[in-house]
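What follows is a single structure, written as structure tokens, with notes after it.
Keep in mind it's a predicted model, so treat the numbers as computed, not measured.
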Amino acid sequence: MGRQSYCFEDRGGREVILRPEMTPSLARMVAAQGELQLPVRWFSMPLCYRYERPQRGRVREFLQFNLDILGSENLAAELEVILVLQGIMDSFKAPSSIYRIGWSSRRFMSDALSRCGVSNELAGEVFSAIDKRDKMSTDKWADFLLGACGGDSSVTSQVISLVSVESLADPWLVDLMTGSTAFQEVVEFNKLLQEVGIPSAVFSPGVVRGLDYYTGIVFELMDTGGENKRSLCGGGRYDNLVGLFGNKRISGVGFGLGVLTLTLFLETYGLIPDRVKEASTADVYIAVATPEAIAAACLLTALVRSNGFRVMMDVSGKKLGKQFNEASRYRIPFVVTVGSEEINSGNYKMKNLVDGSIFTGSQEEIVGRLK
RNA sequence: GUGGGUGUAGUUCAGUUGGUAGAGCCCCUGAUUGUGGUUCAGGUGGUCGCCGGUUCAAGCCCGGUCACCCACCCCA
């Protein structure tokens, strides 16, 4: 956590940091609880902050949907959070062809790199180099990797073979990972994914994720088109995070989904739902015909609201036509007019702005009609 | 942290070799005195980001500065 955190000194001279993501805060909360019924399932939509130069898909203050399961070491927990992620994409009707959930395992990659001949001292460098693979040409990256591997060309070619693997049944990989429990776990998880049927999930040894608290399965959701280069979502298993803030050792798995990156993705593919684009701000507009009717209009507004409807009342004092215009602009489907006629007779007129029809009745009948 | 681009009306943008500040949309008023969308007529609205310089004259040229956008870096 370095120069991209938004930190400053508060008035008491303390160094403080605006949270750059939610997971450590969640781990702190869980560590602080005396007794918990495990596993814990938790979601949140926090504002987070990063001190970076803004650009497409990246701003200094952003919303992130977070979902975590703590207290289960079963692969079902990984499967469950990915299933929810898939469900979110399905709810936006995003076809699995336009995005990809690339996944791998930290434990597996550490073991595999070691078996490729990468020393523990160089493992961090090599991880970092793998993360940069998509940012340069194949040849250039090979040179870069050679540097990270300490100039050892045979180790480098082994690592290139590793990240090029496309199938867990690859004979070279199976031979390399003989007897590895981390590999067994990856194979098992792949089997689960196939049995459940998550077509967008693809085993990708190149996915390592930058966050260093991840220990097991890691995954990220990317746009497969070229438009959005930032990952929409990243997640994985973290075994030691809760333990940092207390003496309980609780393993967790979860993900963070960027609302801004998701929105850009949905816009790119025209998937913003109509109910969002055409959302109305209220169910009913209360038009006020004369200044003498203001109090009665307020009472009617309160009545309709107490029945569970969203109400916008005129506060402009403009002519009725202008008030109807405002209701129309806000896509509010019904307008009830309050004036001396209505107050005297007890009969109110409610116009349906969608079809133009007018319903006349008492206040109670108006409310009943809305239901 | 590095590089590029853009700053003109509420908004999206024009603005010629330097010579009186423009359009569409929005908004406001009326046609239509208590019922929206369409149409028609009219209208409001700008310290041209800010500071300085050159010039008889700067939206336009020059220097600086700020803001935003894009990319790099980074993405724990």
Side-chain angles (χ1 to χ4, degrees), chain A residues 1-7 17-25 27 48-60 62 64 106 124 127-132 134-136 144 207-215 218 220-222 226-236 238 240-241 244 255-258 260-261 264 278 280 282 284-293 296-297 312 314 316-345 347-360:
Chain A
M1 311 215 179
R3 60 180 188 277
Q4 285 183 74
S5 45
Y6 221 125
C7 50
I17 175 172
L18 299 177
R19 62 176 171 225
E21 60 169 328
M22 193 57 187
T23 310
S25 301
C48 299
Y49 302 85
R50 292 184 190 177
Y51 191 78
E52 307 173 291
R53 210 74 169 252
Q55 58 184 275
R56 179 177 167 86
R58 184 170 82 181
V59 288
R60 286 180 165 173
F62 57 95
Q64 196 180 60
R106 277 289 181 82
F127 263 118
S128 169
I130 289 173
D131 202 29
K132 289 183 169 63
D134 294 335
K135 299 196 172 177
M136 43 188 102
F144 186 75
V207 171
V208 291
R209 299 300 301 160
L211 285 83
D212 50 33
Y213 55 68
Y214 287 130
T215 50
V218 289
E220 64 184 17
L221 195 155
M222 298 289 292
E227 198 85 13
N228 304 292
K229 291 169 194 155
R230 323 191 71 78
S231 69
L232 308 191
C233 171
Y238 43 94
N240 309 320
L241 199 53
L244 282 179
F255 66 80
L257 174 65
L260 173 60
T261 45
L264 289 170
E278 293 163 11
S280 67
V284 187
Y285 187 97
I286 305 292
V288 185
T290 68
E292 291 73 32
M312 184 183 292
D314 175 70
S316 72
K318 289 179 186 169
K319 288 161 54 171
L320 270 189
K322 304 301 175 192
Q323 297 184 34
F324 273 74
N325 201 337
E326 182 176 47
S328 183
R329 263 208 314 272
Y330 283 114
R331 296 194 183 84
I332 300 170
F334 295 100
V335 179
V336 180
T337 303
V338 180
S340 50
E341 271 177 37
E342 288 77 9
I343 294 169
N344 293 333
S345 70
N347 278 325
Y348 293 78
K349 275 179 257 175
M350 177 166 75
K351 182 162 183 175
N352 180 330
L353 292 191
V354 177
D355 62 21
S357 64
I358 293 179
F359 173 81
T360 306

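- In this structure, A:Tyr51 atom OH and B:G1 atom P are separated by 6 Å, rounded to whole Å.
- Across all strands shown, A:Glu341 has heavy atoms under 4.0 Å from base atoms, whether or not it also approaches the sugar-phosphate.
- Taking atom CD of A:Glu326 as the reference point, atom C1' of B:C27 lies 13 Å away to the nearest angstrom.
- Listed here is the closest heavy atom pair of A:Ala296 and A:Val338: CB-CG1, 4.0 Å.
- Closest non-hydrogen pair, A:Val207 versus A:Val218, comes out as O-CG2, 3.8 Å.
- Using C1' as the reference atom, B:G22 and B:A14 are 7 Å apart when rounded to the nearest Å.
- A gap of 32 Å separates the P atoms of B:A57 and B:U11, to the nearest Å.
- Nearest nucleotide to the A:Glu342 side chain, out of B:C69, B:C75, B:G34: B:G34.
- Rounded to whole angstrom, the span from the CE atom of A:Met22 across to the P atom of B:C75 amounts to 23 Å.
- Distance check on atom P: B:C25 versus B:C61 gives 30 Å, rounded to whole Å.
- Residue A:Met222 contributes atom CE, which lies 15 Å from atom P of B:C75 at whole-angstrom precision.
- Close to B:A71, at under 4.0 Å from its OP1 or OP2, lies a side-chain N or O of A:Gln55.
- Separating the CG atom of A:Leu264 from the P atom of B:A71 is a distance of 10 Å, rounded to the nearest angstrom.
- Using a 4.0 Å heavy-atom criterion, one finds that A:Lys135 contacts the bases of the nucleic acid, with or without backbone contacts as well.
- Remark: B:G36 base-pairs with no nucleotide in the shown strands. Criterion, Watson-Crick or G-U wobble with two distances under 3.5 Å.
- Within 4.0 Å (heavy atoms only), A:Ser231 reaches no atom of the nucleic acid at all.
- Listed here is the closest heavy atom pair of A:Met222 and A:Arg230: SD-C, 4.2 Å.
- With both ends at atom C1', the span from B:U17 to B:U12 equals 29 Å, rounded to whole Å.
- Taking only side-chain nitrogens and oxygens, A:Arg58 never comes nearer than 4.0 Å to OP1 or OP2 of B:C70.
- Across B:A31 and B:G36, the matching P atoms stand 13 Å from one another, rounded to whole Å.
- Between A:Glu342 and A:Asn347, the shortest heavy-atom contact is CG-O, 3.1 Å.
- Among the heavy atoms of the strands, none lies under 4.0 Å from A:Gly234.
- Contacts of A:Arg53 with the nucleic acid, taken as non-hydrogen atoms under 4.0 Å apart, include base atoms.
- Between A:Ala287 and A:Phe324, the closest heavy-atom pair is CB-CE1, 4.4 Å.
- For B:C27, neither phosphate oxygen OP1 nor OP2 lies less than 4.0 angstrom from any side-chain nitrogen or oxygen of A:Lys322.
- One atom, CZ of A:Arg60, and another, C1' of B:C73, lie 14 Å apart when rounded to the nearest Å.
- When side chains are defined from C-beta on, A:Val335 counts as touching A:Leu353, because their heavy atoms get closer than 4.5 Å.
- Taking the P atom of each, B:A23 and B:G45 are spaced 14 Å apart, rounded to whole Å.
- For the P atom pair drawn from B:C62 and B:G46, the interatomic distance equals 29 Å after rounding to whole Å.
- The side chain of A:Arg56 lies closest to B:C70, out of B:C73, B:G34, B:C70.
- Base pairing analysis places B:G18 opposite nothing; no Watson-Crick or G-U wobble pair with both distances below 3.5 Å involves it.
- One interatomic measurement links the two molecules: CG of A:Leu257 to C1' of B:C75, which rounds to 16 Å at whole-angstrom precision.
- One can place CG of A:Asn325 at 12 Å from C1' of B:U38, the figure rounded to the nearest angstrom.
- Contact annotation for A:Lys319: backbone-only contact, meaning every heavy-atom pair under 4.0 Å involves sugar-phosphate atoms and none involves a base.
- In this structure, of B:G36, B:C75, B:C70, it is B:C75 that holds the atom nearest to the side chain of A:Arg230.
- Across every strand in view, B:C27 sits in a pair with B:G43 that passes the Watson-Crick or G-U test at under 3.5 angstrom.
- The residue among A:Gly57 and A:Asn352 whose nearest nucleotide of RNA chain B lies closer to the 5′ end is A:Asn352.
- Contact record, A:Tyr214 with A:Gly235: OH-CA, 3.2 Å, taken as the closest heavy-atom pair.
- The pair A:Glu341-A:Lys349 meets the salt-bridge criterion, with a side-chain N (NZ, NE, NH1 or NH2) lying under 4.0 Å from an Asp/Glu carboxylate O.
- A gap of 27 Å separates the C1' atoms of B:G24 and B:A67, to the nearest Å.
- Base pairing analysis places B:C72 opposite B:G1; the two distances defining the Watson-Crick or G-U wobble pair are each below 3.5 Å.
- Remark: B:A67 base-pairs with B:U6. Criterion, Watson-Crick or G-U wobble with two distances under 3.5 Å.
- Across all strands shown, the partner of B:C61 is B:G53, judged by Watson-Crick or G-U wobble contacts whose two distances both fall under 3.5 Å.
- Note on A:Gly339: a base of the nucleic acid sits closer than 4.0 angstrom, heavy atoms only.
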